[in-house]
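Since the structure comes first, as structure tokens, the remarks are kept for the end.
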Amino acid sequence: MHESHLKDLNEKQLEAVEHKEGPLLIIAGAGAGKTKTITHRILHLIHSGVSPSSILAITFTNKAAKEMSDRVEKLISSETRQESGEKPFVSTFHSLGVFILRNAHLKLGLPKHFNIYDRDDSKKAVREAMKMCDVDTKTFDPGKVLSVIGREKGNVVTAEKYVENNPSGYTQETIGKIWQEYERILKREKALDFDDLLLKSVLLLKSDPELLSHYQKKWSYIHIDEYQDTNEVQYQITKLLSDKHKNIAVIGDIDQTIYSWRGASIKNILHFEKDYPEAKVVLLEENYRSTQTILTVANRIIEKNKFRREKNLFTRLGEGDKISVYEGYDENDEAGFVAAKAKELIEEHKVSPKEISVLYRANFQGRALEEAFLSNDTPYQVLGIRFFERKEVKDIISYLRASLSPDSLTDLKRVINSPVRGIGKTTVLKIMSGQRETLPNATKEKVDSFYLLLENIKKVSETEKLSDTIKYIIKKSGFEELLKGKSEEEMERLQNIQELATYATRYDTLSPESAIEKFLTDVSLSSDQDELMKDRDAVRLMTVHASKGLEFSYVFITGLEDGLFPHQRFDEGGGDDAASEEERRLFYVALTRAKKKLYLSYASVRTIFGSTQVNVPSEFLLDIEEEFLKKEETAFEGAGKTIYLD
């Protein structure tokens, strides 16, 4: 048997790779080579006589699945000289669901190539269902209803079960009726939504022992990547498929569980040994990414969590630099420091811009940072949607434009039914073709009310400060009421439009007319410049959530203030301890993105929604011993007052 593929593995990786029969739990710390371990384990199984087609490997994203598949194929072809024929089944959970359902489509009464609804398709179907149930979209937001349905499907709950479990309560009864009608629409259209791909697979496997037995025989060796991110339906699929042979290897890191708001359950990885008492456990603690200073700080940060398995990351890469800390006077001072330091790294230390990342807890923080990078003429790229490109931000700006130019059809179309106010496409077409007076009375009242809102916005904009006009639009348009909720996604959207009001305060010293003109011009130019930088070698700006799985030589973690990071959470359950521990895990993820150097920063005061507040430094900063920290006291041109750490 060829064993050259084992030469580059460390002791613990080798232990995981060589374990063949029975369940295996691999706790892989950040940067510990988990993908290498999985791919080499698959190759070793093939060397040991296991048929490639008997091996299943599941991960979460298409990108990760493709990378794993490519690495596996490259290893197989180079080590076994097998260039064609049987291959391991490497995919995402959802792709696995599609595979199972397409092969059993007749059992479900579906065509083999059934339609798969994306979120926009699903939202349209939910709206149609609400109309059929005579439910006002102003009372129940279609997006919120769809989120509830998705969450429940992730918990392996069907529409019928939901109705059965919620016999009373107006909200639950209404959602139950909408959901049942939504399912009828999907059935009529011979379609499944994204969550059905997993839910229907589980229900099918449970109800059809013969089919379950087929897949248990087909895949006798199962690998699940990022196991800490699995929800209930993914957990059940895994459990069902592995129940016969118990040759299941899961790999993940409890300390990187940061998606509870998406339904991920930390208990799945914590309870693995209860599900499989005979499981072998391997800890991958050697890190191949970061310096020891970064790892020591990360270890000490995360060890305060109770819901975890003890591990201690170490490296052979050396101690490395101390972690820099900068305390800005406000968010603009902080952003100015980050942009200036990034420019210094690029110009003086010849660091490639793409090796630098700036992380933040909430999307709205990106606005000040983007502006600082623009002012500093430093190339940057926002991973995700740029601030002025975000839908809710563009909506508020369109309200302002439409109030000034009611004949602006683009802005009118954008906001006349956002938030939803019951004005349909036919009505919009009639308005645009000058037939507003021919509308039915009930519809005309809604349209007249919308135009009255635009008139009132115009009146306010002529006399009040621009920031107050933006606040007025947020409130009177209905966005504030729409987005005020427990969902973190909704709160972030609200924070984004509140940040627009904060941004507008810089124009408050100008006359209302001049302020609006300059504001709209600046917003347009900012978007144009963003677009020009799209494909350049640039500094990456992103949320910490978006950074998971990535690595950079130099990482800035910004906004380390109590209430911002750790964030004031709006969790639907889970308790304060669970929310607090997830925030700490999120900071741990942020720290372990860095290879060479970390910069931590915060603002003494920050303006949020036009109100300036004094901030207390994040508890995470206070948890780091002084011996690992270096205070950054370098002023930069345009800096405000700076207060330094004691």
Worksheet item: Judged by atom type as modelled, is there a donor-acceptor pair below 3.5 Å linking the side chain of Ser547 to the main-chain atoms of Leu550?
Response: no
Practice prompt. On the 0 to 90° scale, with breaks at 30° and 60°, tag the Phe373-Tyr380 ring pair as parallel, tilted or perpendicular.
Written response: tilted
Worksheet entry | NZ (Lys267) with more than 12 external heavy atoms under 6.0 Å | yes
Practice prompt. Ignoring hydrogens and angles, state whether a donor on the side chain of Ser511 or Ser514 is under 3.5 Å from an acceptor on the partner side chain.
Written response: yes
Item to complete: Applying side chain to side chain donor-acceptor pair (under 3.5 Å), run through Asp508 and Ser467 and close with a yes or a no.
Response: CA-CA 7 Å; Asp508 284 349; Ser467 61; 2.7 Å; yes
Discussion item. Checking Lys597 against Ser553 for the side chain to side chain donor-acceptor pair (under 3.5 Å) test, could you report, in this order, the C-alpha distance in whole Å, the side-chain angles of both residues, the deciding distance, and whether it holds?
Written reply: CA-CA 7 Å; Lys597 173 76 175 178; Ser553 294; over 6 Å; no
Item to complete: Give the C-alpha distance, both sets of side-chain angles, the deciding distance and a yes or no for side chain to side chain donor-acceptor pair (under 3.5 Å) between Asn496 and Asn363.
Response: CA-CA 7 Å; Asn496 285 337; Asn363 264 317; 5.5 Å; no
Worksheet item: What residue among Leu400, Leu453, Val460, Ile397 forms side-chain contact (heavy atoms from CB on, under 4.5 Å) with Ile473?
Response: Leu400
Worksheet entry | Euclidean distance, Ile224 CD1 relative to Ile26 CD1, rounded to 0.5 Å | 11.5 Å
Worksheet entry | All pairs passing salt bridge (charged side-chain N to carboxylate O under 4.0 Å, His left out) where residues 468-478 contributes a residue, at least two apart | Lys475-Glu480
Worksheet item: Should Asp253 and Tyr588 be marked as a side-chain contact (heavy atoms from CB on, under 4.5 Å) after you check the CA-CA gap, both sets of side-chain angles, and the distance that decides it?
Response: CA-CA 11 Å; Asp253 185 3; Tyr588 172 83; 3.9 Å; yes
Worksheet item: At what distance, to the nearest 0.5 angstrom, does CD of Glu327 lie from CG of Leu600?
Response: 12.5 Å
Practice prompt. Take Tyr599 and Glu632 through the side chain to side chain donor-acceptor pair (under 3.5 Å) test and state the conclusion after the steps.
Written response: CA-CA 9 Å; Tyr599 296 86; Glu632 288 283 346; 5.1 Å; no
Practice prompt. Keeping the roles fixed (side chain from Arg585, backbone from Ile258), state whether a donor-acceptor pair exists under 3.5 Å.
Written response: no
Discussion item. Evaluate Lys596 against Glu355 for salt bridge (Lys or Arg N to Asp or Glu O under 4.0 Å), listing each step before the verdict.
Written reply: CA-CA 10 Å; Lys596 294 182 179 179; Glu355 279 298 313; over 6 Å; no
Discussion item. Would you compute the distance between atom NZ of Lys631 and atom OH of Tyr326 and round it to the nearest 0.5 angstrom?
Written reply: 14.5 Å
Worksheet, complete the sentence: Rounding to 0.5 Å, atoms CG (Asp255) and CD1 (Ile302) come to a distance of 4.5 Å
Worksheet item: Can you list every pair that meets salt bridge (charged side-chain N to carboxylate O under 4.0 Å, His left out) and has a residue in residues 601-610, with sequence neighbours left out?
Response: Glu334-Arg606, Glu561-Arg606
